[in-house]
2 protein chains.
Amino acid sequence: MNDRRTVFKTLRDLSIRLTPQRILILDILRKGNTHMGVEEVYSKARTTFPYIDIATVYRTLNLMKKIDVVTEVAIGERLHFELTHPGRKHNHMVCTCCGKAFNLPPEYLERFGEQIHRDFSFEPDVRNFTIKGKCSLCAEKSEKSDSTYECLSP
Amino acid sequence: MNDRRTVFKTLRDLSIRLTPQRILILDILRKGNTHMGVEEVYSKARTTFPYIDIATVYRTLNLMKKIDVVTEVAIGERLHFELTHPGRKHNHMVCTCCGKAFNLPPEYLERFGEQIHRDFSFEPDVRNFTIKGKCSLCAEKSEKSDSTYECLSP
DNA sequence: GTACATGCAAACGGTTTGCATATCT
DNA sequence: AGATATGCAAACCGTTTGCATGTAC
């Protein structure tokens with residue numbers, strides 16, 4: 001599992017120091033319970049730790065990514081991260097209209113990836129896989145209200 | 001089709017000026033016959049038009065994207081573009097090791113997209129869809145030579 | 001005590017923009 | 001002739017880095 005205890009042990013085992021900043025950032029990701037942008041992590045961190053620097057956030061996230069404690073997720077143009085899911089890896093569907101992201105169960109990609117591997121000898125990395133499109137809510141709204149509904153990317 | 005003539009007509013119909021720079025950039029994309037990074041387009045353009053500015057390349061590509069003459073492709077971190085494929089849309093598999101990109105026939109994504117739509121009412125945009133992974137050549141090389149083979153992203 | 005993490009500020013690199021001039025129609 | 005595209009240089013913004021100081025171990 002990805003509870004604090006296990007993560008802390010991982011870090012200690014790798015002689016990676018447990019600083020308040022790192023703990024805070026990991027806790028924010030855990031509580032958020034989804035992928036978050038760097039700016040989002042940063043601003044949340046500042047509410048409890050006003051002097052934290054965004055460089056620290058970047059360094060921490062990159063470090064945690066390297067040791068696979070967090071996973072980088074390709075959402076939008078900027079970096080997003082989430083706590084690495086312990087067992088099966090899920091993927092994301094991002095609405096280009098409202099920006100929300102939805103999780104996609106792993107079976108989908110597994111089957112899909114196997115087929116690709118069979119047909120092209122290409123080994124897809126199922127971790128970094130994001131589908132863009134329009135969520136049901138936005139699709140509905142934009143149908144009804146004839147473009148009075150605003151999209152992020154029109 | 002996407003031959004010069006048709007594209008030129010599209011531009012004229014939209015009162016978009018046919019400048020040598022724009023023509024050159026479009027021709028480069030057509031000859032290249034795949035997605036290309038901005039820097040790649042720029043350097044190719046300079047061989048026949050040394051004073052062209054990279055800002056012009058960006059402006060042209062963004063303009064052509066807006067009117068759907070070129071399509072932005074999510075490959076790597078930087079922007080990539082290709083001439084919009086007229087009929088069915090294909091997608092890409094990018095090797096995170098050698099950086100090469102391979103085309104994926106549209107049937108794959110169509111079926112996959114339909115299933116997702118059925119199950120989640122999410123309408124995937126099949127145009128912007130890139131699968132990262134390892135190509136057969138790189139997989140083979142990295143097996144054989146035990147990490148003496150260099151990956152872009154190790 | 002020592003190696004390493006942090007904050008700060010500055011650099012970096014891809015992309016965009018403001019402006020005067022040149023070009024297309 | 002008038003609207004708009006270009007080149008040039010500077011701004012922008014997300015991300016990274018160098019360095020002196022502070023901190024976990």
Side-chain angles (χ1 to χ4, degrees), chain A residues 4 7-28 35-43 45-67 69-70 72-81 99 152-153, chain B residues 4 7-28 35-43 45-67 69-70 72-81 99 152-153:
Chain A
R4 297 182 101 214
V7 171
F8 289 0
K9 185 174 183 323
T10 307
L11 300 189
R12 246 182 279 110
D13 289 353
L14 292 166
S15 311
I16 289 176
R17 292 190 186 165
L18 239 63
T19 67
Q21 291 91 330
R22 289 176 177 170
I23 294 173
L24 177 58
I25 289 168
L26 289 171
D27 279 347
I28 287 173
H35 36 81
M36 298 172 71
V38 177
E39 202 62 38
E40 201 178 346
V41 175
Y42 176 51
S43 73
R46 266 196 310 186
T47 67
T48 57
F49 207 119
Y51 292 119
I52 197 172
D53 195 88
I54 198 163
T56 303
V57 177
Y58 275 104
R59 280 191 277 232
T60 301
L61 290 173
N62 281 331
L63 174 64
M64 297 301 150
K65 174 185 157 193
K66 203 178 302 174
I67 62 174
V69 166
V70 309
E72 188 183 329
V73 179
I75 287 181
E77 0 252 74
R78 298 186 220 46
L79 301 177
H80 277 67
F81 298 88
L152 294 178
S153 56
Chain B
R4 298 182 100 216
V7 171
F8 288 2
K9 185 173 181 325
T10 306
L11 300 189
R12 247 184 279 109
D13 289 351
L14 293 166
S15 311
I16 289 176
R17 291 192 186 162
L18 239 63
T19 67
Q21 291 91 330
R22 288 177 176 170
I23 294 173
L24 177 58
I25 289 168
L26 288 171
D27 280 347
I28 287 172
H35 37 82
M36 299 172 69
V38 177
E39 202 62 40
E40 201 177 349
V41 176
Y42 176 51
S43 74
R46 268 196 308 188
T47 67
T48 57
F49 208 120
Y51 292 118
I52 196 172
D53 194 89
I54 197 163
T56 304
V57 177
Y58 275 104
R59 281 190 277 232
T60 300
L61 291 173
N62 281 331
L63 174 63
M64 297 301 151
K65 174 185 159 195
K66 202 178 302 176
I67 62 174
V69 165
V70 310
E72 189 183 327
V73 180
I75 286 180
E77 0 251 78
R78 297 184 220 46
L79 301 177
H80 276 69
F81 299 88
L152 294 177
S153 56

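Just so it is clear: chains get the letters A, B, ... in the order the sequence lines come, proteins before strands, and each one is counted from 1.
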Engineer: Looking only at heavy atoms, which two atoms of Tyr42(A) and Ile54(A) are closest? And how far apart?
Structural biologist: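 For Tyr42(A) versus Ile54(A), the nearest heavy atoms are CE1-N, 3.5 Å.
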
Engineer: Could you tell me how far apart Lys9(B) (NZ) and dT25(C) (P) are, to the nearest whole angstrom?
Structural biologist: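 Lys9(B) atom NZ is separated from dT25(C) atom P by 15 Å.
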
Engineer: Drop me the distance from Leu11(B)'s CG to Thr19(B)'s OG1, to the nearest 0.5 angstrom.
Structural biologist: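 Rounded to the nearest 0.5 Å, the CG-OG1 separation comes out at 9.5 Å.
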
Engineer: If we check side chain to side chain contact (heavy atoms under 4.5 Å, CB included) with Tyr58(B), which of these qualifies: Leu63(B), Val38(B), Val41(B), Asp53(B)?
Structural biologist: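 Filter result, single survivor: Val38(B).
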
Engineer: Can you say whether a donor on the side chain of Arg59(B) sits under 3.5 Å from an acceptor on the base of dG18(C), or the other way round?
Structural biologist: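 Such a pair exists between side chain and base.
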
Engineer: Using whole Å, what does the distance between atom P of nucleotide dT15(D) and atom CG of Leu63(A) come to?
Structural biologist: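 These atoms are roughly 17 Å apart.
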
Engineer: What integer distance in Å separates Glu72(A):CD from dG14(D):P?
Structural biologist: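 Interatomic distance, CD of Glu72(A) to P of dG14(D): 16 Å.
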
Engineer: Among residues 49-56 of chain A, which residues get a heavy atom nearer than 4.0 Å to DNA chain D?
Structural biologist: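 Residues of residues 49-56 of chain A that come under 4.0 Å of DNA chain D are, in numerical order, Ala55(A).
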
Engineer: Looking only at heavy atoms, what is the nearest atom pair of Phe81(B) and Lys65(B), with distance?
Structural biologist: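 Residues Phe81(B) and Lys65(B), closest heavy atoms: CE2-CD, 4.2 Å.
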
Engineer: Just how far, in rounded Å, is C1' of dG7(D) from CZ of Arg46(B)?
Structural biologist: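 Going from CZ in Arg46(B) over to C1' in dG7(D) covers 13 Å.
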
Engineer: Checking contacts here: which listed nucleotide (dG7(D), dT15(C), dT16(D)) is nearest the side-chain heavy atoms of Tyr58(A)?
Structural biologist: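 Within the option list, the nearest is dT16(D).
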
Engineer: Quick check: do Arg4(B) and Ile23(B) have side-chain heavy atoms less than 4.5 Å from each other?
Structural biologist: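 Side-chain contact under 4.5 Å: yes.
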
Engineer: Rounded to the Å, how far apart are Lys66(A) NZ and dC4(C) P?
Structural biologist: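 That distance rounds to 13 Å.
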
Engineer: Taking CE from Met36(A) and P from dG14(D), how many angstroms apart are they, rounded to a whole number?
Structural biologist: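 That distance rounds to 16 Å.
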
Engineer: State, to 0.1 Å, how close Val69(A) and Thr10(A) come at their nearest heavy-atom pair, and which atoms those are.
Structural biologist: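 The pair with the smallest heavy-atom distance is CG2-CG2, 4.3 Å.
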
Engineer: When the C1' atoms of the five terminal pairs at each end define the local axes, what inter-axis angle does the helix from dG1(C)-dC25(D) to dT25(C)-dA1(D) show, to 10 degrees?
Structural biologist: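 The end axes of the helix from dG1(C)-dC25(D) to dT25(C)-dA1(D) are about 30° apart, to the nearest 10°.
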
Engineer: Calculate, to the nearest 0.5 Å, the distance between atoms CG and CD1 belonging to Leu24(A) and Ile52(A) respectively.
Structural biologist: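 Going from CG on Leu24(A) over to CD1 on Ile52(A), the span is 5.5 Å.
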
Engineer: Taking atom CG of Leu26(B) and atom CE of Met64(B), what is their separation to the nearest 0.5 Å?
Structural biologist: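 Leu26(B) atom CG to Met64(B) atom CE measures 5.0 Å (nearest 0.5 Å).
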
Engineer: Expressed as a whole number of angstroms, how long is the span from Glu39(A):CD to dC13(D):P?
Structural biologist: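 That distance rounds to 12 Å.
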
Engineer: Is the backbone of Arg17(A) close enough, under 3.5 Å, to the side chain of Arg22(A) for a donor and an acceptor to pair up by distance?
Structural biologist: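 Yes; judged by distance alone, with no hydrogens or angles, the pair exists.
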
Engineer: Listed in order of residue number, which residues of residues 10-25 of chain A have a non-hydrogen atom at under 4.0 Å from DNA chain D?
Structural biologist: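 Arg17(A), Leu18(A), Pro20(A), in order of number.
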
Engineer: Report the distance from atom CD of Glu40(A) to atom OG of Ser43(A), rounding to the nearest 0.5 Å.
Structural biologist: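 If we round to the nearest 0.5 Å, Glu40(A):CD and Ser43(A):OG are 6.5 Å apart.
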
Engineer: Quick one: Arg78(A) CZ to dC12(D) P, roughly how many Å, whole number?
Structural biologist: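 It is 16 Å, rounded to the nearest whole Å.
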
Engineer: Going from CD1 on Ile67(B) to CD1 on Ile16(B), what distance comes out if it is rounded to the nearest 0.5 angstrom?
Structural biologist: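 The CD1 atom of Ile16(B) is 4.0 Å from CD1 of Ile67(B), to the nearest 0.5 Å.
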
